Colleague: 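Shown below is the structure under consideration.
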Amino acid sequence: MKPGMVPPPLGEESQTVVLPPGWQSYLSPQGRRYYVNTATNVNGYHVAGTPAHPPETAHMSVRKSTGDSQNLGSSSPSKKQSKENTITINCVTFPHPDTMLEQQLLKPTEWSYCDYFWADKKDPQGNGTVAGFELLLQKQLKGKQMQKEMSEFIRERIKIEEEYAKNLAKLSQNSLAAQEEGSLGEAWAQVKKSLADEAEVHLKFSAKLHSEVEKPLMNFRENFKKDMKKCDHHIADLRKQLVSRYAAVEKARKALTERQRDLEMKTQQLEIKLSNKTEEDIKKARRKSTQAGDDLMRCVDLYNQAQSKWFEEMVTTTLELERLEVERVEMIRQHLCQYTQLRHETDMFNQSTVEPVDQLLRKVDPAKDRELWVREHKTGNIRPVDMEI
């Protein structure tokens, strides 16, 4: 539910609008055409009576606050809404539940942040509420934490690789079965050498994991928390201003009620007893009542300006948070793909270290080995015969 959203004015809907790349069109709480450049997050309005297209950046009225009154009251009868059509929750004015069906999503079918986080949500850990924007910030910070934990996970993987490589290199220097001879001895020596080669492969794998996966995950958006804090303060300040303006409206409304009651009382006194003093009192009461009405309309106008400004910044900022989340997910996906690619390459290199072993094992020839050994160690080829009597 969005604050004070209204359907597009009759006539604008029927216009065929071709937007430049990167521009999207929405409606402000006052029902005016509202443009956002999704690449630069610049926004601006379409002014009635001008062509319905986003202005060029150089001529754009950026985040323009207007005096259009709406929601709580208005100096313009054409834009006045009755209390039956609106409801105020935590100082934000929303359409009445009976009229909610008239609202249009800013980005239909996309489940966009800019459509679903206008209201506050009950805090499950307390009796208070959490602003919808605060939930989006919490998700962003949680995403940053998940990214950090993934980096730490890869670091543990690197440690395993380094330890494994160290053990392989140590084992390759072991002297066990070093005296094996012949073609089998050559194959055995190659087995031990392959361990040293494999150790080198795993060391390179761990080094690439550090530079191409762990480090990018850890360093991505180093100042992200600080940036999110600034963003939080900016939206929070706008919300505080909205609360202050709402309090001013309620105070002005109460003052008007008192002035009207005073005027009514003095009018009744005039009917009972006619006097110049009573007539003068009525004139003063009428002036005060008129002034109180003007004050209320001014306060309502300031409130609606504050809400409009908050609305604009909420749209722009939530779209930016949405873009940042897509960017974060895509970044992690790419680096995890890099991890799997490095893993496949490691398997391939490991396979190459045992290929020489396979070649020598296929050449193992027990008969040839026996011949070579006999030639080297023979003691004589004269066989014993039977003893004669």
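Keep in mind the model is a prediction, meaning the values are calculated, not measured.
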Colleague: Taking the basic N atoms (NZ, or NE/NH1/NH2) and the acidic carboxylate oxygens, is any pair closer than 4.0 Å for Glu250 and Arg253?
Modeller: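 Salt bridge between Glu250 and Arg253, a charged N being under 4.0 Å from a carboxylate O: yes.
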Colleague: Can you spot which of Leu171, Leu168, Leu203, Thr346 makes a side chain to side chain contact (heavy atoms under 4.5 Å, CB included) with Glu198?
Modeller: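 With Glu198 as partner, Leu171, Leu168, Leu203, Thr346 yield a single side chain to side chain contact (heavy atoms under 4.5 Å, CB included), made by Leu168.
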Colleague: Determine yes or no for a side-chain-to-main-chain donor-acceptor pair under 3.5 angstrom, with Asp115 supplying the side chain and Leu106 the backbone.
Modeller: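 Pair found, side chain donor or acceptor close to backbone of Leu106.
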Colleague: Using a strict cut-off of less than 4.0 Å between a Lys/Arg side-chain nitrogen and an Asp/Glu carboxylate oxygen, indicate whether Arg245 and Asp301 qualify as a salt bridge.
Modeller: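 No, this pair does not count.
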Colleague: Flag the pair Arg157 and Glu161 as a salt bridge only when some basic side-chain nitrogen lies within less than 4.0 angstrom of an acidic carboxylate oxygen.
Modeller: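 A salt bridge is present here (some side-chain N lies under 4.0 Å from a carboxylate O).
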Colleague: Is Glu258 paired with Arg261 through a side-chain N to carboxylate O contact shorter than 4.0 Å?
Modeller: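 Salt bridge: no.
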Colleague: Under a 3.5 Å threshold, yes or no: a donor from one side chain and an acceptor from the other, between Ser183 and Asp369?
Modeller: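 Looking only at side-chain atoms, Asp369 and Ser183 do form a donor-acceptor pair, the distance falling under 3.5 Å.
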Colleague: Going by heavy atoms in the side chains, are Leu209 and Glu214 under 4.5 Å from each other?
Modeller: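 In short, these two side chains do not touch, never coming nearer than 4.5 Å.
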Colleague: Indicate yes or no: does Glu149 engage Lys142 in a salt bridge with an N to O separation below 4.0 Å.
Modeller: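 A salt bridge is absent here (no side-chain N lies under 4.0 Å from a carboxylate O).
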Colleague: Report the C-alpha separation of Glu345 and Lys204 in whole Å, then their side-chain angles, then the decisive distance to 0.1 Å, and conclude whether the salt bridge (Lys or Arg N to Asp or Glu O under 4.0 Å) test is met.
Modeller: CA-CA 11 Å; Glu345 291 177 0; Lys204 290 181 179 179; over 6 Å; no
Colleague: One thing to verify: whether Asp294 and Arg298 come together as a salt bridge, which I'm taking to mean a side-chain N less than 4.0 angstrom from a carboxylate O.
Modeller: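 A salt bridge is absent here (no side-chain N lies under 4.0 Å from a carboxylate O).
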Colleague: Should we say atom NZ of Lys288 is surrounded by more than 12 heavy atoms from elsewhere, each under 6.0 Å from it?
Modeller: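 Counting neighbours around NZ of Lys288, 12 or fewer heavy atoms of other residues, nucleotides or ligands fall under 6.0 Å, so no.
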Colleague: Got a salt bridge between Lys159 and Glu162, using NZ or NE/NH1/NH2 to carboxylate O under 4.0 Å?
Modeller: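 No.
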Colleague: Between Arg259 and Glu264, is the closest basic N to carboxylate O distance under 4.0 Å?
Modeller: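 Looking at Glu264 and Arg259, the cut-off is not met.
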Colleague: Would you give me the side-chain donor-acceptor pairs under 3.5 Å for residues 351-359, sequence neighbours excluded?
Modeller:
from	atom 1	to	atom 2	distance (Å)
Ser352	OG	Phe349	O	2.5
Thr353	OG1	Asn350	O	2.5

Colleague: Once the angle between the rings of Trp310 and Trp118 is folded into 0 to 90°, is it parallel (under 30°), tilted (30 to 60°) or perpendicular (over 60°)?
Modeller: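 Trp310 and Trp118: perpendicular rings.
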Colleague: Has the side chain of Thr318 got a donor or acceptor atom that lies under 3.5 Å from a matching backbone atom of Val315?
Modeller: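 It does hold such a pair.
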Colleague: Does a salt bridge link Glu280 with Lys284, judged by any charged N lying under 4.0 Å from a carboxylate O?
Modeller: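 Salt bridge: no.
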Colleague: When you compare the side chain of Tyr303 with that of Leu242, does any pair of heavy atoms fall below 4.5 Å?
Modeller: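 Sidechains of Tyr303 and Leu242: in contact.
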